[in-house]
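Written out below as structure tokens is the structure these notes cover.
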Amino acid sequence: MKKLLSVILAVVMVLSLGTVAFADDVPNNEKPVIWFNRQPSNSTTGELDMDALTFNGKTYYVGFDAKQGAELQGQMIVDYLQAHGEGLDRNGDGVIGYVLCIGDIGHNDSIARTRGARKALGTAVPDASQGKTEIETIDDVDPTAVGTNLDGTSSAVQDGAITIDGTEYVVRELASQEMKNNSGATWDAPTAGTAIMTWSASFGDQIDVVVSNNDGMGMAVFNAWSKDNNVPTFGYDANSDAVAAIADGYCGTISQNADVQAYLTLRVMRNALDDADIMTGISTPDAAGNVLSEDLFYYDEETRCFYALNGAVTAENYESYLDATAPNPAFSNQLTEEDAPVKKVWLDIFNSTDNFLNATYKPQLENYDDILNLDVEYIAGDGQTEANITDRLANPSEYDGFAINMVKTDNAASYTSKLQ
Ligand code: BGC
């Protein structure tokens, strides 16, 4: 019995020594939290979730300017149509019909792209649910999916008009839907591939243009149907496969500068971990000479959000975008371990099958984690439930910081509650 007691005492002492050893550790709720790609916000109204964005003094969001990118995508589509009028109206009915693949009806990026395309094509109507009665900017546009609208009577869009080579055409959104699979994953490329087969089977010769909220879905449609039918198809993200497909007739995409975003995600993390000025290596060069040029991003101090800017990728310039995973030499200089000791970071990607995040963003993160001396543990979600990801954050004390990509933008508390 005595022996047992002394063993218990010894165990208790070791345990309490352990506690002492960790006593100086930073509490989990004071560690850096970097939200990225899915901005904490209300998925119905788009309103930013400021509780999540100010969780602690080391919390930031990194994304890109969704509105600027969406306007660019709309303009790119219209420019293409103006320049390629011949044969565009495939069945000669005087209507340029397009179908629209919507990513996630509750995601700011997706909403902006739907609005940008509609505004540029003249099919936009004011968003009555927000009390809008006229359209000044794309924010005023109703982003609701129409389902099908072959006769042009949907209340979520109107018929637009475009003059090409002196001929006036009606522009009609024939169909649009959120590409969500049966298990609930959004931006789902296979769903888009199936949708185009359904649409084309019932009104194929009316479809003159395909617009997609991203390249994953756009390429699924291109490969399943529009490539063989020579129907102009447009996406977003500038994934390598989509850029390469421009040589085969994919008409254009938008680069959201994943190199800049991936660098910013980990750079802001690094600066927060080091208690350094948050702009180190961003607007001011760090010790290794890394710096971002001003035309690539901006920072909104009030909401603690960093935004990369977008660029259009078309037949004119695609060759310089072919490798979407190449690190940018302007901010690829290795930090020394003296300046930046190795830190451990937990980072999740909400959906292991999302094309952009896995084919473009993650390889870029992997470029910069080494350069910034961050030992990142990558967690891949199922794209459906937050719990699938948060269950794998069982022991936050093992990490120095957290980079979070939510399934649903409303769900920030599922993560921050783990850090309380
Ligand atoms: C990308 C999409 C991606 C989504 C995931 C967007 O910014 O453009 O391709 O599916 O992020 O959140």
Side-chain angles (χ1 to χ4, degrees), residues 34-41 43 46 61-73 76 100-117 143 178-181 184-192 211-222 234-243 250 252-262 264-265 305-313 321 324-325 347-365 380-384 386 389 403-412:
I34 316 298
W35 308 101
F36 69 96
N37 174 265
R38 299 173 87 86
Q39 190 171 29
S41 53
S43 61
Y61 168 73
V62 174
F64 67 99
D65 187 334
K67 191 171 166 187
Q68 179 251 349
E71 285 168 348
L72 210 55
Q73 190 193 29
M76 171 180 75
L100 172 67
C101 302
I102 296 178
D104 172 347
I105 53 170
H107 187 277
N108 286 349
D109 300 350
S110 185
I111 293 171
R113 292 170 203 172
T114 296
R115 289 178 160 154
E178 182 185 42
M179 297 303 171
K180 187 172 184 169
N181 71 14
T186 53
W187 302 90
D188 190 58
T191 304
V211 181
S212 176
N213 284 172
N214 81 356
D215 282 336
M217 301 181 296
M219 284 297 290
V221 171
F222 183 69
F234 301 87
Y236 200 110
D237 287 341
N239 294 331
S240 297
D241 65 333
V243 176
Y250 194 67
T253 179
I254 302 292
S255 166
Q256 51 170 289
N257 284 318
D259 56 346
V260 174
Q261 290 183 70
L264 278 173
T265 296
C305 294
F306 285 85
Y307 298 100
L309 291 163
N310 304 264
V313 183
Y321 287 88
T325 64
L347 180 150
D348 82 279
I349 287 184
F350 89 103
N351 185 351
S352 63
T353 65
D354 186 85
N355 299 68
F356 168 66
L357 290 170
N358 293 285
T360 303
Y361 205 109
K362 187 171 174 222
Q364 287 289 6
L365 288 167
D382 65 4
Q384 296 156 32
E386 237 67 60
I389 300 166
I404 302 172
N405 181 217
M406 291 175 279
V407 173
K408 210 159 176 260
T409 61
D410 312 85
N411 287 346

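Both counts, for ligands and for their atoms, begin at 1 and track the order of listing.
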Starting from the N and O atoms of ligand 1, collect every protein N/O partner closer than 3.5 Å and put each pair on its own line with the distance to 0.1 Å.
{"unit_1": "ligand 1", "atom_1": "7 (O)", "unit_2": "Asn37", "atom_2": "ND2", "d": "3.4"}
{"unit_1": "ligand 1", "atom_1": "7 (O)", "unit_2": "Asp109", "atom_2": "OD2", "d": "2.8"}
{"unit_1": "ligand 1", "atom_1": "7 (O)", "unit_2": "Arg113", "atom_2": "NH2", "d": "3.4"}
{"unit_1": "ligand 1", "atom_1": "7 (O)", "unit_2": "Gln256", "atom_2": "NE2", "d": "3.2"}
{"unit_1": "ligand 1", "atom_1": "8 (O)", "unit_2": "Arg113", "atom_2": "NH1", "d": "2.7"}
{"unit_1": "ligand 1", "atom_1": "8 (O)", "unit_2": "Arg113", "atom_2": "NH2", "d": "3.0"}
{"unit_1": "ligand 1", "atom_1": "8 (O)", "unit_2": "Asp237", "atom_2": "OD1", "d": "2.5"}
{"unit_1": "ligand 1", "atom_1": "8 (O)", "unit_2": "Asp237", "atom_2": "OD2", "d": "3.3"}
{"unit_1": "ligand 1", "atom_1": "8 (O)", "unit_2": "Gln256", "atom_2": "NE2", "d": "3.0"}
{"unit_1": "ligand 1", "atom_1": "9 (O)", "unit_2": "Asn214", "atom_2": "ND2", "d": "2.8"}
{"unit_1": "ligand 1", "atom_1": "9 (O)", "unit_2": "Asp237", "atom_2": "OD2", "d": "2.4"}
{"unit_1": "ligand 1", "atom_1": "10 (O)", "unit_2": "Asn214", "atom_2": "ND2", "d": "3.4"}
{"unit_1": "ligand 1", "atom_1": "10 (O)", "unit_2": "Asp354", "atom_2": "OD1", "d": "2.5"}
{"unit_1": "ligand 1", "atom_1": "10 (O)", "unit_2": "Asp354", "atom_2": "OD2", "d": "3.3"}
{"unit_1": "ligand 1", "atom_1": "11 (O)", "unit_2": "Asn37", "atom_2": "ND2", "d": "3.0"}
{"unit_1": "ligand 1", "atom_1": "12 (O)", "unit_2": "Asn37", "atom_2": "OD1", "d": "2.5"}
{"unit_1": "ligand 1", "atom_1": "12 (O)", "unit_2": "Arg38", "atom_2": "NH1", "d": "2.5"}
{"unit_1": "ligand 1", "atom_1": "12 (O)", "unit_2": "His107", "atom_2": "NE2", "d": "3.4"}

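- Tyr236 and Asp109 share no donor-acceptor pair across their side chains, judged by distance under 3.5 Å alone.
- For the pair Thr114/Asn213, a side-chain contact is recorded, criterion being any heavy-atom separation below 4.5 Å from C-beta on.
- Shown here for Thr265 and Ala403, the closest heavy-atom pair between the two residues is CG2-CB, 4.4 Å.
- Using a 4.5 Å cut-off on side-chain heavy atoms (C-beta onward), Asn405 and Trp35 make no contact.
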task: Would you sort out whether Arg38 and Asp104 count as a salt bridge (charged side-chain N to carboxylate O under 4.0 Å, His left out), showing the intermediate values?
output: CA-CA 11 Å; Arg38 299 173 87 86; Asp104 172 347; 2.9 Å; yes
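- When all heavy atoms are compared, the tightest approach of Gln256 to Asp237 is NE2-OD1, 2.8 Å.
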